[in-house]
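Remarks on the structure that follows.
Note that this is a predicted model, so its numbers are computed, not measured. Counting starts at 1 for both ligands and their atoms, in listed order.
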Amino acid sequence: MKYKNTKNIPYYIYGKGAINQLKEVLKDGYRVYFIDHFFKNKDLINKLPLQNEDVIIYVDTTEEPTTEKIDEYKEYLVKINKSNPSTIIGIGGGATLDSAKAVANLLTNPGKAEDYQGWDLVKNPAIYKVGVPTISGTGAEASRTCVMTNVKTGLKLGMNSDYTIYDQLILDPDLTKTVPKEQYFYTGMDTYIHSFESLNGSYRHAVGDAFAREAINLCKEIFSSKDMMSDENREKLMTASYLGGCAIANSFVGVVHPFSAALSVVFKIHHCEANCITMRGMEKFYPREYKEFFEMAKKQNIEIPKLSKYIDKLDDEIVEKLYNSTIIHEKPLSNALRDNFKEILTKEKVKEIFEKMM
Ligand code: NAD
Ligand code: ZN
């Protein structure tokens with residue numbers, strides 16, 4: 001038996017107003033900021049210790065990161081002669097945090113983003129990087145991947161590497177105040193979902209389990225209370241997101257994420273909303289969590305979207321695409337359903353599950 005060598009985030013500053021300490025953790029020299037486009041012309045920008053020579057790239061998060069977009073960022077920095085910054089700073093949600101991670105890897109490694117989609121393909125350490133999440137739930141701030149879609153091949157896969165992990169985080173719950181309510185719920189639920197998936201899997205790890213259990217406890221407290229976005233609950237959710245991200249470093253997701261990924265690939269639905277839609281079809285696999293999930297949504301007055309928001313009818317061609325994009329996720333599916341998952345998830349069965357989401 002060979003045990004896994006797990007890396008977690010080496011440093012983090014946690015607390016309301018922690019963004020004001022960003023300066024302390026930046027290295028000397030010019031810096032490159034990746035910031036969610038929501039913050040353009042917002043107050044947050046005035047709080048940053050900007051220098052004249054720094055570069056700000058606003059990340060348009062209308063669409064999730066693509067390998068092409070990551071290549072473009074790199075080419076742009078090379079073109080303007082800013083490809084060797086002292087620090088890269090990512091400020092935003094999963095999409096922005098992941099873009100910053102991917103570019104930090106790509107600036108010290110030759111080639112294109114797609115060359116590093118997979119496990120442990122990044123050879124050289126990345127540029128020193130600092131992550132500042134502004135919405136909680138994906139755990140992207142803590143994880144060792146940066147999810148990107150390769151539009152040409154349809155592959156949605158990150159650069160899974162210890163080099164992808166942030167060197168430093170600033171966890172400031174004040175930054176999540178402005179998140180729209182629906183988005184707050186969808187993204188927050190990502191940590192609840194991947195934590196229960198890992199706890200229900202066959203691949204277990206005692207430390208991962210402990211992280212996941214606490215992430216779930218916090219989510220239940222937050223989303224069963226009256227106001228999920230109170231000061232206290234935003235603090236708790238930032239904690240749950242971080243713990244969930246650490247949990248997943250030691251385990252795998254389960255049935256929800258493969259179905260959700262298929263919705264993202266086939267219909268371009270954003271990850272966290274796709275997870276929530278997928279929950280409509282998950283009663284058989286996770287009966288307790290299914291019930292809890294919909295109770296929490298009801299308590300917070302959140303309408304979980306249906307797949308019919310995106311498509312009128314599931315015809316054979318679409319089912320074929322969805323089936324292929326689901327079943328390709330062998331690691332999580334065998335974690336959840338053992339090695340004979342293909343016998344359980346027949347095409348008929350997969351269709352039935354997607355029908356439940358309509
Ligand atoms: P996001 O980055 O996609 O942003 C969602 C929306 O929230 C955007 O419209 C953005 O502008 C807005 N937003 C963010 N912060 C805000 C704030 N403070 N106020 C107002 N609006 C704000 O959000 P997400 O759900 O955190 O991330 C999803 C992405 O994360 C996907 O691309 C997914 O693939 C990726 N992901 C990565 C990992 C990982 O481990 N790296 C894990 C899960 C998901
Ligand atoms: Zn997720």
Side-chain angles (χ1 to χ4, degrees), residues 9 19 34-40 42-45 58-67 69-70 90-102 104-105 117 131-150 155-161 164-166 172-198 212 215 229 234 237-238 241-242 244-249 251-261 263-265 268-279 329 332:
I9 293 285
I19 187 71
F34 287 87
I35 305 179
D36 187 292
H37 65 165
F38 168 80
F39 292 105
K40 203 170 188 173
K42 295 276 190 333
D43 198 36
L44 174 74
I45 307 300
Y58 286 103
V59 178
D60 182 348
T61 48
T62 320
E63 295 208 346
E64 297 189 337
T66 61
T67 51
K69 196 71 206 169
I70 300 304
I91 306 180
T96 307
L97 294 172
D98 281 358
S99 299
K101 284 166 143 185
N105 280 341
Q117 283 185 292
V132 187
T134 64
I135 176 171
S136 304
T138 64
E141 65 278 22
S143 75
R144 72 192 293 276
T145 189
C146 49
V147 183
M148 311 168 294
T149 302
N150 187 331
L155 182 66
K156 192 182 182 195
L157 183 63
M159 303 175 179
N160 293 268
S161 161
T164 307
I165 294 177
Y166 275 107
D172 181 348
D174 276 351
L175 301 181
T176 65
K177 266 187 191 154
T178 47
V179 177
K181 188 171 159 258
E182 270 75 24
Q183 186 68 54
Y184 181 90
F185 184 88
Y186 300 156
T187 298
M189 275 300 153
D190 197 19
T191 195
Y192 173 79
I193 291 171
H194 61 233
S195 296
F196 79 62
E197 285 177 289
S198 89
M229 290 189 74
R234 279 184 295 96
L237 192 57
M238 192 159 265
S241 175
Y242 175 76
C246 293
I248 221 68
S251 62
F252 293 105
V253 287
V255 188
V256 186
H257 272 76
F259 279 83
S260 164
L263 294 181
S264 292
V265 168
K268 285 194 160 185
I269 306 175
H270 282 219
H271 176 66
C272 299
E273 184 186 339
N275 278 348
C276 291
I277 295 175
T278 300
M279 282 305 287
H329 297 274

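Taking distances strictly below 2.8 Å, the protein N/O/S atoms close to the Zn ion (ligand 2) are D190 OD1, D190 OD2, H257 NE2, H271 NE2.
When only interatomic distances are considered, the shortest N/O to N/O separation between C146 and ligand 1 does not fall below 3.5 Å. The distance criterion of under 3.5 Å between nitrogen or oxygen atoms is not met by H271 with respect to ligand 1. For ligand 1, none of its N or O atoms has an N or O atom of H270 under 3.5 Å away.
At the shortest separation from atom 23 (O) of ligand 1 among protein heavy atoms lies G94 N, 3.8 Å. Remark: minimum distance from atom 31 (C) of ligand 1 to any protein heavy atom is reached at E64 OE2, 3.2 Å. Looking only at heavy atoms of the protein, atom 41 (N) of ligand 1 is closest to D98 OD1, 2.9 Å. In terms of protein heavy-atom proximity, atom 29 (C) of ligand 1 is closest to A95 N, 3.5 Å. For atom 12 (C) of ligand 1, the closest non-hydrogen atom on the protein side is D36 OD2, 4.2 Å. Taking atom 7 (O) of ligand 1 as the reference point, the nearest protein heavy-atom neighbour is Q183 CG, 3.7 Å.
The parts of A140 lying near ligand 1 are both backbone and side chain, judged by heavy-atom distances below 4.0 Å. Of all the heavy atoms of T178, the ones lying under 4.0 Å from any atom of ligand 1 are found in both the backbone and the side chain. In P133, neither the side chain nor the backbone holds a heavy atom less than 4.0 Å from any atom of ligand 1. With a 4.0 Å cut-off on non-hydrogen atoms, C272 touches ligand 1 through its side chain and not its backbone. Contact annotation: for D190 versus ligand 1, heavy atoms closer than 4.0 Å belong to the side chain alone. With a 4.0 Å heavy-atom cut-off, ligand 1 is reached by the backbone of T134 and by its side chain too.
Sorted by first and then second residue, the pairs that involve residues 133-145 and meet salt bridge (Lys or Arg N to Asp or Glu O under 4.0 Å), not counting sequence neighbours, are D120-R144, R144-D162.
A 4.5 Å side-chain heavy-atom check between D172 and V132 finds every atom pair outside the cut-off.
Assignment of G158 to the shell around ligand 1 is not supported, since no heavy atom sits closer than 4.0 Å. Residue contact check for ligand 1: Y186 places no non-hydrogen atom closer than 4.0 Å to it.
Side-chain atoms of T61 do not come within 3.5 Å of backbone N or O of D36 as any donor-acceptor pair. In terms of modelled atom types and a separation under 3.5 Å, the side chain of T176 and the main chain of P173 share a donor-acceptor contact. A donor-acceptor contact shorter than 3.5 Å links the side chain of T187 to the backbone of Q183. In this structure, D98 contributes its side chain and V147 its backbone to a donor-acceptor pair below 3.5 Å. At least one donor-acceptor pair closer than 3.5 Å links the side chain of K101 to the backbone N or O of A140.
For atom 25 (O) of ligand 1, the candidate residues are T145, T187, V179; the nearest heavy-atom contact is made by T187. Summarising the contacts of atom 42 (C) of ligand 1 with T138, I135, L44, the nearest heavy atom is found in T138.
Atoms of ligand 1 lying under 4.0 Å from at least one heavy atom of F39, given by number and element, are 17 (C), 18 (N). Close approach of ligand 1 to T61 is summarised as follows: ligand atoms under 4.0 Å from at least one heavy atom of the residue are 8 (C), 9 (O), 10 (C), 11 (O).
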Exercise for review: May I have the step-by-step check of side-chain hydrogen bond (donor to acceptor under 3.5 Å, both in side chains) for H271 and E64, ending in yes or no?
Suggested key: CA-CA 8 Å; H271 176 66; E64 297 189 337; 5.8 Å; no

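Judged purely by distance below 3.5 Å, without hydrogens or angles, the side chains of S260 and N275 pair a donor atom with an acceptor atom.
Counting non-hydrogen atoms of neighbouring residues, nucleotides and ligands closer than 6.0 angstrom, the NZ atom of K268 reaches no more than 12 such neighbours.
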